[in-house]
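To start, the structure itself, in C-alpha cells.
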Amino acid sequence: MSQTYVIRGARILGGEAADVLVRDGAIAEVGAGLDGSGAQVVDAAGLIALPGLVDLHTHLREPGREDAETVESGTKAAAVGGYTAVHAMANTDPVADTAGVVEQVWRLGREAGYCDVHPVGAVTRSIAGEQLAELGAMADSAARVRVFSDDGHCVSDAVIMRRALEYVKAFDGVVAQHAQEPRLTEGAQLNEGEMSAALGLRGWPAVAEEAIIARDVLLAQHVGSRLHVCHVSTAGSVEILRWAKSKGCPVTAEVTPHHLLLDDTRAGTYDPIFKVNPPLRTAADVDALRRALADGTIDCVATDHAPHPVEAKETEWAVAAMGMVGLETALPVVQEAMVETGLLDWAGVADRMSVQPARIGRLSGQGRPLEAGSPANITLYDPSPRRAVDPSALASKSRNTPFAGLELPGRVVATFLRGRPTVLEGKLQ
C-alpha cells in the first residue's frame with residue numbers, strides 16, 4: 001500500500017504557500033491547512049514546488065560503457081537533480097537502433113526505479129547515417145519510442161533526413177537533430193574565434209551548426225513533420241529558429257545548462273573538462289541563448305548529461321572526450337543564469353524544464369500542473385543556499401563537471417515519483 005504524504009507550506013511555482021496532499025501516487029488536494037491525519041508530513045516551508053523535471057537529452061551509457069555510467073547510477077543522479085523522467089540517448093554499444101535494445105534500456109530504468117527512462121531510438125543503423133533504423137519497430141515496442149536521434153553524429157544526408165521526418169509522422173514521432181555539418185568541423189576542437197586562435201586549436205565555426213538547422217527547418221516544413229534541434233549553441237541558430245517559428249514550421253529546440261552559463265574563455269587553461277560538443281561559444285552567444293529561452297524561441301533546457309571516466313578527461317585536450325555531466329547541477333545553473341538575472345520566474349522554469357520537454361517527448365504523465373488529479377511527480381527546491389560544486393559528492397559514476405568549485409545557488413530537497421520519494425532531505429531513498 002502506498003504511503004500518504006502531506007507536503008506542508010510549499011510555494012507552488014514560487015507563489016503563495018500551500019499544502020499538497022499526495023495519496024495513491026497522485027495529488028489528491030492542494031490548499032491551506034490540509035488534514036494530514038495518518039499521513040507522513042514533509043516540512044516544505046520556504047521551498048519551491050515544481051512539477052518533476054524532464055530531460056530530453058541524457059546519456060546513460062548502458063549498454064556498453066558501464067564504466068562511465070549505468071542506467072541505475074544515471075537515474076540516481078537524475079533524481080538528486082529533481083528529475084522524474086529522462087530520455088536516454090541512442091549512442092550506446094550496441095546502438096539503440098532496434099526494438100530489443102530500447103526495450104532493454106527501458107526495463108533497466110523500470111528496475112532501478114529512480115525516474116522514468118524513455119529510450120531515444122537511433123535515426124540510422126549504427127548511427128552511421130546511411131540507412132534508416134527500425135523506427136516503426138522501436139515505436140511499437142514496449143518502450144514506445146517517440147524521439148529519434150543520432151546524437152553525437154549529424155544526420156548529414158538530406159535525403160535520409162527527409163525520409164526520417166516522413167517516417168515518424170505515422171506515429172507522431174520527432175527527429176532530434178545533432179546539428180553539425182561534418183565537413184566543416186573535421187578536427188575541430190573549440191569555437192572558431194579569438195580563443196581558438198590564441199590557443200592554437202582548430203576552430204569549430206558557428207555556421208556548421210546553423211547550416212544544418214536552416215536545411216532541416218525547411219525539410220520539416222516541406223514534409224509537415226516534427227523536428228527538434230539538440231543543444232543549440234549560437235546566436236545565429238537562434239535567429240534561424242525564430243524565423244522558422246514565425247513561418248509556422250513544426251520545430252522545437254533545447255539549450256544546455258552549460259551553454260547558458262559558460263563561454264569559450266573557460267578553455268583558456270587548456271583544461272579538457274571544458275571540451276564539449278557543440279563547443280562553448282562566445283559571451284554574445286550565451287546572452288542570445290538566455291534571451292531565446294526566456295522568450296520561447298528555445299523551448300526547453302536539456303542537460304546533455306555526458307559522463308566519462310577519469311582517464312577520458314584527464315589527458316591532453318586533442319584526445320580528450322567531449323562532454324560534461326549535468327543532471328545534478330541543471331536546476332542551480334538555470335537559477336543562476338535565468339532566475340537571478342530576471343529572465344525567468346519559477347513558473348517559467350517549470351515550463352522550460354518540465355512542461356515543454358514532456359510535451360515534446362509526448363509524455364502524458366509528466367509535466368502536469370501541481371493540482372488535484374495529476375500524478376504526484378514533484379520536485380521540492382530550496383533556492384536560498386549557495387555552495388561550491390563538489391564533484392566527489394555527485395551520484396553519477398563520473399565526475400566530469402565543468403562547475404567544480406563554482407559556487408551555485410539552491411539545492412533539491414525532495415523528489416517524488418508518482419507519490420514515492422526518490423529523494424528526501426537531499427538524500428537518495
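- Counted within 6.0 Å of CD on E425, heavy atoms from surrounding residues, nucleotides or ligands total 12 or fewer; the atom is thus considered open.
- Of all non-hydrogen atoms in Q177 and R215, the two that sit nearest each other are NE2-NH2, 3.6 Å.
- The two residues S149 and A176 make their nearest non-hydrogen contact at OG-O, 2.7 Å.
- Looking only at side-chain heavy atoms (C-beta outward), T379 and Y83 stay at 4.5 Å or farther from each other.
- Annotation: salt bridge (charged side-chain N to carboxylate O under 4.0 Å, His left out) contacts of E62 (sequence neighbours excluded): none.
- Looking at heavy atoms from C-beta onward, V168 lies in side-chain contact with L135 at the 4.5 angstrom threshold.
- In the model, R281 has no side-chain atom that pairs as donor or acceptor with a side-chain atom of T234 under 3.5 Å.
- With contacts defined as side-chain heavy-atom distances shorter than 4.5 Å, the pair V349/L331 qualifies.
- Screening L417, V355, L53 for a side chain to side chain contact (heavy atoms under 4.5 Å, CB included) involving Q366 leaves a single residue, L417.
- We find the OG1-CG distance between T75 and L428 to be 9.0 Å, quoted to the nearest 0.5 Å.
- For the pair R399 (side chain) and V325 (backbone), a donor-acceptor distance under 3.5 Å is absent.
- Between L227 and M161, some side-chain heavy-atom pair lies under the 4.5 Å cut-off.
- Counting heavy atoms from C-beta on, the side chains of R290 and T341 come closer than 4.5 Å.
- Under a 4.0 Å N-O distance rule, the pair D295/R291 does not qualify as a salt bridge.
- A donor-acceptor distance shorter than 3.5 angstrom exists from the side chain of Q335 to the backbone of P383, with no hydrogens or angles considered.
- There is no side-chain donor-acceptor pair under 3.5 Å between H259 and D304.
- Residues A337 and L261 share a closest heavy-atom pair of CB-CD1, 4.3 Å.
- Under the 6.0 Å cut-off for aromatic ring centres, H57 and H305 do not qualify, their centroids lying 6.0 Å or more apart.
- The side-chain hydrogen bond (donor to acceptor under 3.5 Å, both in side chains) test with N191 singles out one residue from T282, D263, D264, and that residue is D264.
- With sequence neighbours excluded, the residues forming a ring-ring contact (aromatic ring centres under 6.0 Å, His included) with F148 are F171, listed by chain and number.
- Between the side chain of E254 and the backbone N or O of V301, no donor-acceptor pair lies under 3.5 Å.
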Would V238 and I298 count as a side-chain contact (heavy atoms from CB on, under 4.5 Å) if you check the C-alpha gap in whole Å, the side-chain angles of each, and the deciding distance to 0.1 Å?
CA-CA 8 Å; V238 166; I298 294 176; 4.2 Å; yes

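- I160 contributes atom CD1, which lies 11.5 Å from atom CG of L165 (distance to the nearest 0.5 angstrom).
- Considering CZ of R163 and OG1 of T124, their distance stands at 12.5 Å, rounded to 0.5 Å.
- A donor atom on one side chain and an acceptor atom on the other are found under 3.5 Å apart for Q189 and W317.
- Side-chain contact annotation: T185 with Q180, donor-acceptor N/O pair under 3.5 Å present.
- For D150 against I127, the heavy-atom pair with the smallest separation is OD1-CG2, 3.2 Å.
- The number of heavy atoms from other shown groups lying within 6.0 Å of CZ (R386) is above 12.
- Panel note: side chain K275, backbone A321; no donor-acceptor pair is recorded below 3.5 Å.
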Which pairs would a plain distance check flag for residues 108-115, meaning a side-chain donor or acceptor within less than 3.5 Å of a matching protein atom at least two apart in sequence or in another chain?
none

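- Checked for salt-bridge contact, R418 and D116 meet the test: a charged N lies under 4.0 Å from a carboxylate O.
- Between the side chain of H178 and the backbone N or O of C154 there is no donor-acceptor pair closer than 3.5 Å.
- In this model, no donor atom of one side chain and acceptor atom of the other lie less than 3.5 Å apart for H308 and N400.
- Side chains of E134 and D97 form no contact here, defined as non-hydrogen atoms less than 4.5 Å apart.
- Ion pairing of D299 with R359 is present here, as a side-chain N (NZ or NE/NH1/NH2) and a carboxylate O approach within less than 4.0 Å.
- Here the closest non-hydrogen pair linking V102 and S141 is CG2-OG, 3.7 Å.
- Crowding of E371 atom CD: a count of heavy atoms from other residues, nucleotides or ligands under 6.0 Å exceeding 12.
- For the pair F403 and H258, the minimum side-chain heavy-atom distance is below 4.5 Å.
- For the residue pair S156/E181, the side-chain donor-acceptor check at 3.5 Å is not satisfied.
- A salt bridge between K76 and E72 is present, with a side-chain N of the basic residue lying under 4.0 Å from a carboxylate O of the acidic one.
- For E340, the CD atom sits in a packed shell: over 12 heavy atoms of surrounding residues, nucleotides or ligands are nearer than 6.0 Å.
- Aromatic ring pairs are classed by plane angle as parallel below 30°, tilted from 30° to 60° and perpendicular above 60°; the pair Y381 and W346 is tilted.
- Pairing each heavy atom of P257 with each of V333, the nearest pair is O-CG1, 3.4 Å.
- You'll find the side chain of D55 stays beyond 4.5 Å of the side chain of H87, heavy atoms only.
- How far CD1 of I240 is from CD1 of I213: 6.0 Å, rounded to the nearest 0.5 Å.
- When only modelled atom types and interatomic distance are considered, D390 and S392 share a side-chain donor-acceptor pair under 3.5 Å.
- Defined by atom type and a distance below 3.5 Å, a donor-acceptor pair is missing between the side-chain atoms of E66 and T70.
- Electrostatic pairing of R362 and D172 counts as a salt bridge here, judged by a charged N lying under 4.0 Å from a carboxylate O.
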